[in-house]
Amino acid sequence: MSNTNFIENFVAGGVGGVFTVAVGHPFDTVKVRLQTMPKAAPGEKPMFKGALDCCQQTIKKEGFFALYRGMAAPLVGVTPLFAIFFGGCAFGRWLQQKHPGQELTFLQNVNAGAIAGALTAAVMVPGERIKCILQVQSMGHSTVKYDGPIDVVKKLYKEGGIRSIYRGTAATLIRDIPASAAYLSVYEYLKKLFTGGNKDQKLSPLATLGAGGFAGIANWAVCIPADVVKSRLQTAPEGKYKGMRCVVQEILHDEGPKGLFRGFVPVMLRAFPANAACFFGVELTLSLIRQVV
Ligand SMILES: CC(=O)O[C@H](CC(=O)[O-])C[N+](C)(C)C
């Protein structure tokens with residue numbers, strides 16, 4: 001994509017976001033539940049043995065659609081988020097191009113992705129806070145019960161104002177700036193590889209799915225520890241942690257470094273299909289726009 005048209009990329013990104021949530025949300029629920037399950041007391045078994053066990057227990061106890069719990073917030077949040085992200089990528093490309101249509105280097109795509117990642121924080125942080133709270137609430141984590149995304153926003157606002165809604169901003173930025181840089185640059189790199197460097201050659205649907213899937217893997221490969229910290233911070237009762245440092249110290253103390261990789265399996269299981277679907281939606285929309293405009 002050397003396309004720097006903000007509007008086209010914004011619209012295509014929104015469609016990509018819908019595709020991502022439709023395919024990826026059940027995996028995400030398992031991930032957040034694994035990342036935030038209560039610590040097992042000495043001699044006791046952990047709540048879940050792993051990703052499959054978490055999925056099976058959730059379906060058995062709460063029904064299949066529990067895996068889709070909290071999906072309204074990501075749908076409402078992820079659509080604009082991916083729209084901003086892909087619009088931001090177009091903006092990042094435009095900033096670095098010396099002339100229109102110029103192909104970007106790998107490093108320039110890293111920069112464009114990082115810029116786009118930072119731009120998404122305003123929507124990403126509250127979206128993730130609401131989603132994570134709803135995904136874990138029936139695990140017996142919190143005494144406050146929420147009826148849905150609006151109720152979460154109202155209660156968080158009452159409890160701590162905008163500050164509470166935006167809890168986890170630093171952790172989200174630490175997660176998303178490098179992740180987004182990896183996401184865009186790996187996608188563009190693979191796209192170039194699959195088309196043999198010929199920018200006029202259209203990427204086949206299978207190649208788009210492959211490049212998108214690996215971009216998703218690259219995204220998560222660089223950010224799982226920051227994601228674990230973010231999920232803990234965003235689902236903790238008010239006042240439990242002073243900041244990221246306390247969360248990291250607690251995890252290292254209780255579980256060692258492997259605790260920073262909780263949820264690795266469901267994250268990686270989701271990353272490929274969800275992001276393959278995302279880039280497929282993005283490329284499809286861009287080519288439809290090109291045919292119409
Ligand atoms: C954390 C996140 O939303 O990552 C996106 C990929 C995914 O698996 O959802 C990528 N990006 C942050 C660049 C939009």
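All ligand and atom numbering here is 1-based and tracks the order in the structure. The figures that follow rest on heavy atoms only: side chains count, while hydrogens, waters and symmetry mates do not.
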Backbone or side chain, does any N or O of Arg175 fall under 3.5 Å from an N or O of ligand 1?
no

Looking only at the side chains, is there a donor atom on one of Asn275 and Tyr183 sitting less than 3.5 Å from an acceptor on the other?
yes

Quick check: does Thr20 get an N/O under 3.5 Å from an N/O on ligand 1?
no

Whether Asp151 and Lys154 form a salt bridge (side-chain N of Lys/Arg under 4.0 Å from carboxylate O of Asp/Glu) is what I want to check.
no

What residue and atom, counting heavy atoms only, is the protein's closest point to atom 9 (O) of ligand 1, and at what distance?
Arg270 NH2, 2.9 Å

Students should be able to answer this: which protein heavy-atom is nearest to atom 14 (C) of ligand 1, and at what distance?
Phe82 CZ, 3.7 Å

Should the pair Glu250-Lys39 be classified as a salt bridge under the 4.0 Å nitrogen-to-oxygen rule?
no

Please state whether the rings of Tyr68 and Phe65 are parallel, tilted or perpendicular, taking 30° and 60° as the class boundaries.
tilted

Using a 3.5 Å distance criterion without hydrogens, assess whether the side chain of Arg129 forms a donor-acceptor pair with backbone atoms of Val152.
no

Using a plain distance cutoff, I'd like to know if Ser180 has any nitrogen or oxygen under 3.5 Å from a nitrogen or oxygen of ligand 1.
no

Using 4.0 Å as the upper bound for N to carboxylate O, is an ion pair formed by Arg167 and Glu238?
yes

Starting from atom 3 (O) of ligand 1, what is the nearest protein heavy atom, named by residue and atom, and what distance separates them?
Met124 CE, 3.5 Å

Verify, without hydrogens or angle tests, whether Ser287 (side chain) and Leu284 (backbone) share a donor-acceptor contact under 3.5 angstrom.
yes

Nearest protein heavy-atom contact for atom 6 (C) of ligand 1: which residue, which atom, what distance?
Asn275 OD1, 3.3 Å

Under 4.0 Å, heavy atoms only, figure out whether ligand 1 is touched by the backbone of Thr120, its side chain, both or neither.
neither

Any idea which of Asn219, Asp176, Leu184 brings a heavy atom closest to atom 10 (C) of ligand 1?
Asn219

